[in-house]
> 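Here it is, the structure in full.
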Amino acid sequence: MLLSKTVSFENSLGLRVIETLDDGVMCECAIHENLMNGQGVLHGGITATIADEAAWWAIETHTGDGKRSTTTELKVNYLLPITGERVTARAFLLRTGKTLCVSRVDIHRADGQLAAVAIVTYMFLPQASSV
């Protein structure tokens with residue numbers, strides 16, 4: 001029997017943290033043809049996923065304690081169509097509490113123009129108990 005390792009969807013995007021900042025992170029993602037919509041611009045769902053992942057990386061980088069978390073709310077304002085070879089996402093941690101973390105993610109096209117702004121809320125999950 002052949003076993004295969006499952007690659008989670010978000011890992012298939014190739015998003016990477018390029019800079020850790022005091023209040024968040026800067027991420028970068030290459031844009032490939034298979035991420036485009038029928039109009040030839042980055043699919044809105046991919047843009048939302050980039051925002052979600054950038055927010056997660058900001059939390060992961062700054063809490064540093066391996067807390068499990070999940071998205072509870074995600075709102076994206078699409079300002080400009082995204083084309084080009086890459087996109088950057090600057091995630092700002094706005095508020096980190098005991099159970100929720102709210103962040104803002106600014107997504108820029110390769111030409112530097114602000115293309116989308118997202119507000120992403122994560123909830124910290126209870127730690128799994130060992131039996």
> Are V17 and L15 linked, directly or through intermediate hydrophobic residues, by side-chain heavy-atom contacts shorter than 4.5 Å (ILVMFWY only)?
yes
> Do V120 and W56 come close enough that some side-chain heavy atom pair is under 4.5 Å?
no
> Without swapping roles, check the side chain of H62 against the backbone of L21 for a donor-acceptor pair under 3.5 Å.
yes
> Got a second to check how far M26's CE is from R90's CZ, nearest 0.5 Å?
6.0 Å
> Apply the test side-chain contact (heavy atoms from CB on, under 4.5 Å) to residues L13 and L35: give CA-CA distance (whole Å), side-chain angles for both, the deciding distance (0.1 Å), then the verdict.
CA-CA 9 Å; L13 290 177; L35 302 179; 3.9 Å; yes
> In Å, rounded to the nearest 0.5 Å, how long is the span from CZ of R104 to CG of D106?
4.5 Å
> What are the two closest heavy atoms between G24 and A58, and how far apart are they?
CA-CB, 4.1 Å
> Clusters formed by hydrophobic residues whose side-chain heavy atoms approach within less than 4.5 Å: which one holds L114, and what are its other members?
L79, V117
> For A116 and V76, work out which heavy atoms get closest and say how close.
CB-CG1, 4.2 Å
> V87 and V41: same hydrophobic cluster, using ILVMFWY side-chain contacts below 4.5 Å?
no
> Checking H32 side chain against N34 main chain: does a donor-acceptor pair fall under 3.5 Å?
no
> Taking atom NE2 of H108 and atom CD of Q113, what is their separation to the nearest 0.5 Å?
9.5 Å
> Taking side chain as C-beta onward, heavy atoms only, is L93 less than 4.5 Å from D23?
no
> To the nearest 0.5 Å, tell me how far L125 CG sits from R68 CZ.
5.0 Å
> Restricting to non-hydrogen atoms, name the atom on A54 and the atom on A91 that form the minimum distance, rounded to 0.1 Å.
O-CB, 3.5 Å
> With no hydrogens and no angle check, is any side-chain donor or acceptor of T72 less than 3.5 Å from a backbone partner on T121?
yes
> Please determine whether the number of non-hydrogen atoms from other residues, nucleotides or ligands lying under 6.0 Å from atom CH2 of W57 exceeds 12.
no
> When rounded to the nearest 0.5 angstrom, what distance separates CE in M123 from CG in L100?
7.5 Å
> Tell me the closest heavy-atom pair linking K67 and F124, and the distance in Å.
CD-CD2, 3.6 Å
> Rounded to the nearest 0.5 Å, how far does CG of L74 lie from CG of D52?
5.5 Å
> Starting from F92 and following side-chain heavy-atom contacts under 4.5 Å between hydrophobic residues (I, L, V, M, F, W, Y), which residues can be reached?
L94, V102, I119
> Quick one: list whatever passes salt bridge (charged side-chain N to carboxylate O under 4.0 Å, His left out) with D111, sequence neighbours left out.
R109
> Tell me the closest heavy-atom pair linking Y78 and A48, and the distance in Å.
OH-CB, 3.9 Å
> Hey, which of I107, T47, N37 is the one that makes side-chain contact (heavy atoms from CB on, under 4.5 Å) with L42?
T47
> Which heavy atom in A51 sits nearest to a heavy atom in V105, and how many Å separate them?
O-CG2, 3.5 Å
> Using modelled atom types and a 3.5 Å cut-off, is there a donor and acceptor pairing between side-chain atoms of Y122 and backbone atoms of I59?
no
